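One structure below.
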Amino acid sequence: MKITNARVIVCSPGRNFVTLKIETDQGLTGIGDATLNGRELAVAAYLSEHVVPCLIGRDAQQIEDIWQYLYKGAYWRRGPVTMSAIAAVDTALWDIKAKAAGLPLYQLLGGKSRTGVMVYGHANGSDIEHTLDEVLRYAEAGYKAIRAQSGVPGLEKVYGVGKGTLFYEPADADLPSEHDWSSEKYLRHTPRLFERIREKLGFEHHLLHDVHHRLTPIEAGRLGKALEPFQLFWMEDATPAENQQAFRLIRQHTTTPLAVGEVFNTIWDCKELIENQLIDYIRSTVVHAGGITHLRRIADLAALYQVRTGCHGATDLSPACMGAALHFDIWVPNFGIQEYMRHTEETDAVFPHSYHFADGMLYPGETPGHGVEIDEALAAKYPYQRAYLPVNRLQHDGTLHSW
Ligand SMILES: O=C(O)C(=O)C[C@H](O)[C@H](O)CO
Ligand SMILES: [Mg+2]
């Protein structure tokens, strides 16, 4: 089965998405997500200028060889642009292979290991009581796991504190907006948030929290320790993970489970963290970590050390990523949880999909392939709009801080 054509489709049905569509001489097509929030056109150009010409005429069934060809063949390895581009090709090829077999993708990976995929939703509030209301709303909607983020008294804007609906959009401006930050204020506030939520909600639901790379290792240790009575499912991105050793320090101080990896692109970014059992959940997902082919390698390494998966699933990952991730999730033996931020109606219409939500779980569906398509005519009605993630500055002196 030869690849006859591959196209990059950039659209913005409420937010920007980059999608690769591969066509074959047997009439089968597949799609893959290539969205890199705030740097979308870099991946689009990498694909259309450098990758697509190398795909034409290749055997669409040779997924592994094409992966190696794009990874080793580029000479310049790793990095979010390269790995998102490779991921898009890989996802589209797995889609095609499963369609050719007439099977849902999870069957090619080894079949189902569970009945459904437990997801967590985002409860965001401007203050503790507002976040609590949102948490209760998610619990009412059937979610078994809920991430809670709250505005911090004395700080004007804080990441994760959004529009207070089921939808949350992390990118919001033609140029990056600026948020202010104080680790001291945040550290005083956050244990109170979880104390209040547990007081009202009890302990039946899983609670999660995203620190968003903002603390030093010792501050993260302090927060993890303070949160122990509230039994979090995880504390995410407690400190920037470029320095994998930093997690040793956090581990020495707390038993709160640690999750990391949404900004990782390869197994090399998490190898030390996993092998030294410095984390409990690995957050890498299909689009930014080289597709199903590479994510599977990360998960297999993680399984050796009882580290479980917790794939990133914010709205800037398209339904094509979510569809593929769900097939991966329902198969992967060391599954932990899947993040689920709902896409808008416009996005769902551009990407018709077979997955669905019920009772706190997502189900990938039985359609051959990964079950997600793109309506190109509709996509063309939503042209690209430049948008950025915010940046973060320390409140007291304006120093640029991790976001
Ligand atoms: O979903 C999360 O955990 C995030 O941290 C969301 C990220 O900020 C977002 O996907 C960045 O593009
Ligand atoms: Mg995160």
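This one's a predicted model, so the numbers in the text were calculated from it and none came from an experiment. Ligands are counted one by one from 1 in listed order, and the atoms in each one are counted from 1 as well.
Numbered from 1 in the order shown, with element, the atoms of ligand 1 that lie under 4.0 Å from a heavy atom of Asp210 read 2 (C), 3 (O), 4 (C), 5 (O). Those atoms of ligand 1 with a heavy atom of Ala314 less than 4.0 angstrom away are 1 (O), 6 (C), 10 (O).
Contact annotation for Thr315 and ligand 1: no heavy atom of the residue comes within less than 4.0 Å of the ligand. Of the heavy atoms in Tyr120, none comes closer than 4.0 Å to ligand 1. Only side-chain heavy atoms of Arg147 come within less than 4.0 Å of ligand 1; its backbone N, CA, C and O stay farther off.
In terms of N/O distances under 3.5 Å, ligand 1 is not approached by His122. Taking only nitrogen or oxygen atoms, main chain and side chain alike, Trp403 does not reach within less than 3.5 Å of ligand 1.
Residue pairs that meet the side-chain hydrogen bond (donor to acceptor under 3.5 Å, both in side chains) test with at least one member in residues 3-14, sequence neighbours left out, are Asn5-Glu23, Arg7-Glu23, Arg7-Glu376, Ser12-Asn16. Among pairs with a residue in residues 73-96, none fulfils ring-ring contact (aromatic ring centres under 6.0 Å, His included), at least two apart in sequence or across chains.
Using a 30° and 60° split on the angle between ring planes, Tyr120 and Trp234 fall in the perpendicular class, above 60°. The aromatic rings of Phe351 and Phe17 lie perpendicular to each other, with more than 60° between the two planes, well past the 30° mark. Note: Tyr46 and His50 have perpendicular aromatic rings, judged against thresholds of 30 and 60 degrees for the angle between ring planes.
Asp210 has its closest N, O or S atom to the Mg ion (ligand 2) at the position named OD2.
For the side chain to side chain donor-acceptor pair (under 3.5 Å) with His122, the lone residue among Arg342, Gln149, Glu339 that qualifies is Glu339.
For a distance bound of 2.8 Å, the N, O or S atoms of Glu236 include one lying that close to the Mg ion (ligand 2). Residue contact annotation: Glu262 places an N/O/S atom under 2.8 Å from the Mg ion (ligand 2).
At least one test fails for Arg308 against the ring of Phe335: distance under 6.0 Å to the centre or angle within 45° of the axis.
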